[in-house]
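Take a look at the structure set out below.
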Amino acid sequence: GIDEGAIVKLLSDRNLKHLRAAFGYYKQFYGHDILKALRRETSGKFEYALRIIIKCICYSAKYFSKVLRISLDQSEYAALTRVMVTRAEVDMEEIKATYREKYGISLEQAICKQTSGSYRDFLLQLACWEATSQPK
């Protein structure tokens, strides 16, 4: 079974590299990923929160691509803006590649279809942001 206290402590105390390694080891040892175990052994808001955290850690490009798609499709501009701003300097290139692979359209094309004006321009700038282009 899942020791809820232990998993909260692990998520709170460890860095991303350690967590990815721990979840990889879990999969090797048990033959399934931690998300499957959480689905079976936890429930409600706690399960939902843990699943989101682990998806962000282990499958960030896939997770954020999905959030962007849903946000664009449903005009959820707060979520769209939050993901674009927080991921621009982190892993936007990987997210864009995953988005194209998963949905058959570039993130920039999707942004152009679903938004307009200065907001669209702002999102496109974030989509093309490179960590190396930041002012020092």
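Keep in mind that the numbers below use all heavy atoms, side chains included, and drop hydrogens, waters and symmetry copies. Source: prediction; values computed, not measured.
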* For the ring pair Phe64 and Tyr99, is the centre-to-centre distance below 6.0 Å? ->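 So the answer is no for these two rings.
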
* Asked: Are the ring centres of Tyr30 and Tyr26 closer than 6.0 Å?
  ->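 Centroid distance Tyr30-Tyr26: below 6.0 Å, so yes.
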
Look up atom [atom1] in [X] and atom [atom2] in [Y], then write down how far apart they are to the nearest 0.5 Å.
| X | Y | atom1 | atom2 | value |
| --- | --- | --- | --- | --- |
| Ile70 | Glu76 | CD1 | CD | 9.5 Å |
| Ile34 | Lys55 | CD1 | NZ | 14.0 Å |
| Leu16 | Ser60 | CG | OG | 8.5 Å |
| Lys17 | Ile57 | NZ | CD1 | 15.5 Å |

* Structure fact -> Tested for salt bridge (Lys or Arg N to Asp or Glu O under 4.0 Å) against Glu108, the lone hit among Lys96, Arg100, Arg120 is Lys96

* **His32 versus Arg40, side-chain donor and acceptor atoms under 3.5 Å** => yes

* Residues Ser65 and Tyr103: side-chain donor-acceptor under 3.5 angstrom -> no

Check whether more than 12 heavy atoms from other residues, nucleotides or ligands sit under 6.0 Å from atom [atom1] of [X], and answer yes or no.
| X | atom1 | result |
| --- | --- | --- |
| Tyr48 | OH | no |
| Lys9 | NZ | no |
| Gln109 | CD | yes |

Does [X] reach the main-chain N or O of [Y] with its side chain, forming a donor-acceptor pair under 3.5 Å?
| X | Y | value |
| --- | --- | --- |
| Glu94 | Ala61 | no |
| Arg51 | Leu35 | yes |
| Asp33 | Lys36 | yes |

* Asked: Do Ser106 and Ile111 touch side chain to side chain, with heavy atoms closer than 4.5 Å?
  ->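 Counting from C-beta outward, Ser106 and Ile111 never come under 4.5 Å.
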
* Asked: Would Leu10 and Phe46 show up in the same hydrophobic cluster when neighbours are defined by side-chain heavy atoms closer than 4.5 Å?
  ->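 Yes: a chain of side-chain contacts under 4.5 Å links Leu10 to Phe46.
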
* **Exercise: identify the closest heavy-atom pair between Leu126 and Ala88** => O-CB, 3.7 Å

